[in-house]
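Report on the following structure.
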Amino acid sequence: MLEITTIRQNPEAVIARLKVKYVENAAEMVAQILQYDAQRRSLQQQRDDLLNRSNTLAQEIGQLYKQGKRPEADALKAETLSLKESIKQAEADFASIDEQLNQTLVQLPNLPHELVPEGATPEENFEIRRGGTIPALHDKAQPHWDLVQKYRLIDFETGAKITGSGFPLFVGRGAKLQRALINFFLDRATEAGYTEYIPPHVVNHASAYATGQLPDKEAQMYHVTLDDLYLIPTAEVPLTNIYRDVILPESELPIRLTGYTPCFRREAGAAGKDTRGLNRLHQFDKVEIVQVQHPEHSYAALDEMVLHVEQILQSLQLPYRIIRLCGGDMSFASAMTYDFEVYSAAQQKWLEVSSVSNFETFQANRLQLRYRDANKKNRLAHTLNGSALALPRIMAALLENNQTPDGIVVPDVLCPYTGFSMID
RNA sequence: GGAGGUUUGGCAGAGUGGUCGAAUGCGGCGGUCUUGAAAACCGUUGUACCGAAAGGUACCGGGGGUUCGAAUCCCUCAGCCUCCGCCA
């Protein structure tokens, strides 16, 4: 959520920035917000004046009672009766406009950073660089969904039987390889200074709201209605919410967190689209990295996170490319996002395996995550997060790219984790 | 799941219908003293919104109610603790 003061101080700049994200009705929304804001302030003044009068009267009545002046006190009570009605009305008016202001405000996306390229579709994203080499596969190379069957690594059918499609069942060396990747990613993150957490996999309404999953993306989450809890779509939600309603001493910044969790996504409306094999699942594993940063250092931190992810891909020897998303392709809450894609050689496709974003104060504003600066002023911190990394598509690319006529070669860095160097 | 207790400022802890945004202690910050530090002493020390300012308003776990007036009384929800039950 944008800060109301930013909009109040420079509405034109806000509208101009939102154009980069192709928000068509930005001008209308901003105008609406400014109008609500003005109304809200005037209504607060009215309400506060009435409350002030009521407080004064109550005090006077108390004094009069104390002095034994009952009749005088009772006379004053008469005024408070009508005052009560006005206060009730004033409070309702204020609450209603406050609610409307908030509802409009949460619908406004974050402002993109000035380096974000203008563009509406993924075609207009900006490729930063590439790394690794695309392997030349042998004649009988297969896509991963055939490989996992051939070597009995993942059983999609039984997963579907137990739960439904998109819930894979990992088996034997497939399970071991998955666990190896999780441990490998976590070790890289903790070596880079991230503190490891194992958070709850289910969150309440307040947490889902604070990181922006609610109210807009409710359909993306599995909802446990009996307890009004949500299965996490990403570890970002519980990890970032550790710092909800927190004021940090400036000296504690930056904060670096990591955690492995399964992620649950309903993917409503995505049925049939790239859903073969591991490409798109309802449950998948991911290691997430999160940073809480001083505003002055958040973009350096973003670069650092990009480098972190890049080095992991390099050590796995996967061909990758890094893309800076254009305004139209960026998420609602992000000010700048880098996507990582790896090349899945048998599918002959680039697959998104990580997304690293700086949210600046957008998320912190909802979280009420602040730090106390040198002048003892509380300021919103910057939050960043990224996948490091999402497992399924890494697994898909590894299996496809490393297949040989004799079996699938396990990358060197993973062998200590798997205990085997070849799947045959 | 049942019974009881509890939830107050960074922490500890008082307050049980009016002058309480809230005593006191610790911690923090500033100062005096000191070559420096400690100790001692003095001062200061919550958050948010409105306002040019003066000042105003709200917040004592969340929500609602009683009352002219609620941290204090009532209802309700949640967290924590203890005992019982169940259980990995």
Side-chain angles (χ1 to χ4, degrees), chain A residues 1-9 33-106 198-210 214 224-230 238 241-253 255 262 292 361 364-381:
Chain A
M1 183 161 69
L2 288 177
E3 290 163 272
I4 183 69
T5 47
T6 342
I7 300 172
R8 201 187 287 154
Q9 280 162 12
I33 286 166
L34 289 176
Q35 192 204 324
Y36 284 146
D37 181 47
Q39 282 178 29
R40 198 192 87 101
R41 284 191 280 174
S42 123
L43 285 173
Q44 176 175 349
Q45 198 63 65
Q46 287 175 34
R47 182 202 63 175
D48 286 359
D49 288 346
L50 288 171
L51 283 169
N52 184 18
R53 179 65 190 147
S54 160
N55 287 344
T56 313
L57 278 176
Q59 267 175 30
E60 281 172 13
I61 291 168
Q63 287 298 325
L64 289 173
Y65 271 128
K66 214 160 246 178
Q67 293 161 16
K69 297 176 179 170
R70 256 202 115 80
E72 288 88 335
D74 289 340
L76 282 184
K77 275 195 194 179
E79 183 183 346
T80 64
L81 240 71
S82 65
L83 198 54
K84 261 184 154 176
E85 285 307 306
S86 321
I87 289 174
K88 217 172 182 177
Q89 188 59 51
E91 285 191 321
D93 290 348
F94 174 78
S96 144
I97 205 79
D98 189 49
E99 170 75 14
Q100 286 184 68
L101 173 62
N102 257 310
Q103 275 183 14
T104 316
L105 213 45
V106 294
I198 301 178
H201 297 169
V202 178
V203 295
N204 58 29
H205 190 278
S207 292
Y209 177 84
L214 292 177
V224 184
T225 51
L226 203 56
D227 300 290
D228 195 21
L229 297 171
Y230 295 87
N241 268 284
I242 295 170
Y243 289 95
R244 169 153 51 91
D245 293 322
V246 169
I247 301 174
L248 294 159
E250 194 170 13
S251 58
E252 279 189 30
L253 296 178
I255 286 163
V292 180
T361 60
N365 192 28
R366 276 215 217 179
L367 287 161
Q368 282 301 294
L369 163 51
R370 292 167 292 175
Y371 69 96
R372 192 180 298 272
D373 75 6
N375 302 318
K376 297 188 177 178
K377 288 275 283 181
N378 294 332
R379 302 193 177 282
L380 292 173

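Computed from a predicted structure; not experimentally measured.
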If I pick the P atom on B:rC26 and the same atom on B:rA40, what distance separates them, to the nearest angstrom? 8 Å
Step by step, would you call A:Y65 with A:D74 a side-chain hydrogen bond (donor to acceptor under 3.5 Å, both in side chains)? CA-CA 9 Å; A:Y65 271 128; A:D74 289 340; 3.2 Å; yes
To the nearest 0.5 angstrom, please state how far the OH atom of A:Y36 sits from the CD atom of A:Q103. 8.5 Å
What is the separation between atom NZ on A:K377 and atom P on B:rU47, rounded to the nearest whole Å? 10 Å
May I ask which nucleotide in the shown strands pairs with B:rC59, Watson-Crick or G-U wobble, both distances under 3.5 Å? B:rG46
To the nearest 0.5 Å, what is the distance between CG (A:L214) and NE2 (A:H205)? 4.5 Å
Within this structure, what is the CD-CD1 distance for the pair A:Q9 and A:I4, rounded to the nearest 0.5 Å? 10.5 Å
Can you check the distance between B:rA23 and B:rC73, where both ends of the measurement are the C1' atom (answer in whole Å)? 23 Å
G-U wobble or Watson-Crick pairing nucleotide for B:rC41 (cut-off 3.5 Å, both distances): B:rG31
B:rG28 C1' sits how many Å from A:L248 CG, rounded? 17 Å
Given side chain to side chain contact (heavy atoms under 4.5 Å, CB included), test A:D245 with A:L367 step by step and report yes or no. CA-CA 6 Å; A:D245 293 322; A:L367 287 161; over 6 Å; no
Base-contact (B) and sugar-phosphate-only (S) positions in nucleotides 69-79 of chain B, heavy-atom cut-off under 4.0 Å, - elsewhere: S----------
Which distance, rounded to the nearest 0.5 Å, do you find between the CD1 of A:I61 and the OG1 of A:T56? 10.5 Å
Atom CG of A:L76 and atom C1' of B:rU67 are separated, to the nearest Å, by 16 Å
For nucleotides 49-53 of chain B, which of its nitrogen or oxygen atoms have a protein nitrogen or oxygen under 3.5 Å away, and what is each distance?
from: B:rC49; atom 1: O3'; to: A:R40; atom 2: NH2; distance (Å): 3.3
from: B:rC49; atom 1: O2'; to: A:R40; atom 2: NH2; distance (Å): 3.0
from: B:rC49; atom 1: O2'; to: A:Q44; atom 2: OE1; distance (Å): 2.4
from: B:rC49; atom 1: O2'; to: A:Q44; atom 2: NE2; distance (Å): 3.2
from: B:rC49; atom 1: O2; to: A:Q44; atom 2: NE2; distance (Å): 2.9
from: B:rC50; atom 1: OP1; to: A:R8; atom 2: NH2; distance (Å): 3.1
from: B:rC50; atom 1: O4'; to: A:Q44; atom 2: OE1; distance (Å): 3.3
from: B:rC50; atom 1: O4'; to: A:Q44; atom 2: NE2; distance (Å): 3.3
from: B:rC50; atom 1: O2'; to: A:Q45; atom 2: OE1; distance (Å): 2.7
from: B:rG51; atom 1: OP1; to: A:R41; atom 2: NH1; distance (Å): 3.2

Nearest whole angstrom, please: distance from the C1' of B:rU67 to the NZ of A:K77. 8 Å
Base paired to B:rU6 (Watson-Crick or G-U; both N/O distances under 3.5 angstrom): B:rG79
Indicate yes or no: does A:D49 engage A:R53 in a salt bridge with an N to O separation below 4.0 Å. no
Please confirm whether the shortest side-chain N or O distance from A:N55 to OP1 or OP2 of B:rG56 is below 4.0 Å. no
When the nearest nucleotide of RNA chain B is assigned to A:I61 and to A:I247 on a heavy-atom basis, which residue is associated with the more 5' position? A:I247
Please give the distance between the C1' atoms of B:rA70 and B:rG51 as a whole number of Å. 28 Å
What integer distance in Å separates A:E252:CD from B:rG28:P? 16 Å
How many Å lie between CG on A:L51 and P on B:rC68, as a whole number? 17 Å
All side-chain hydrogen bond (donor to acceptor under 3.5 Å, both in side chains) counterparts of A:N365, not counting sequence neighbours: none
From CD of A:E3 across to C1' of B:rA48 the rounded distance in Å is 14 Å
Does B:rU66 have a Watson-Crick or wobble mate here (both distances under 3.5 Å), and if so which one? none
B:rC74 versus B:rG5 - spacing of their P atoms, nearest Å: 12 Å
Interatomic distance where CG belongs to A:D49 and C1' belongs to B:rU57 [whole Å]: 9 Å
Taken to the nearest 0.5 Å, the spacing of A:L64 CG from A:Q59 CD works out to 12.0 Å
With both distances under 3.5 angstrom, what nucleotide forms a Watson-Crick or G-U wobble pair with B:rC87? none
Distance check, P atoms only: B:rG17 and B:rC33, in whole angstrom units. 49 Å
On a whole-Å scale, what distance lies between the P atoms belonging to B:rC77 and B:rC84? 25 Å
Would you kindly compare A:N378 and A:Q59 by the position of their nearest RNA chain B nucleotide and give the one closer to the 5′ end? A:Q59
P gap between B:rG64 and B:rA58, integer Å: 15 Å
With P as the reference atom in both, quote the distance from B:rU72 to B:rG61 in angstrom, rounded to an integer. 8 Å
Would you please test A:T6 and A:T361 for side chain to side chain contact (heavy atoms under 4.5 Å, CB included) and show each step? CA-CA 11 Å; A:T6 342; A:T361 60; over 6 Å; no
Looking across every strand, which nucleic acid part, if any, lies under 4.0 Å from A:R372 by heavy atom: base, sugar-phosphate, or nothing? sugar-phosphate
On the nucleotide B:rG56, are OP1 or OP2 found under 4.0 Å from the side-chain N or O atoms that A:N52 carries? no
Separation of A:R41 CZ from A:Q44 CD (nearest 0.5 Å): 10.0 Å
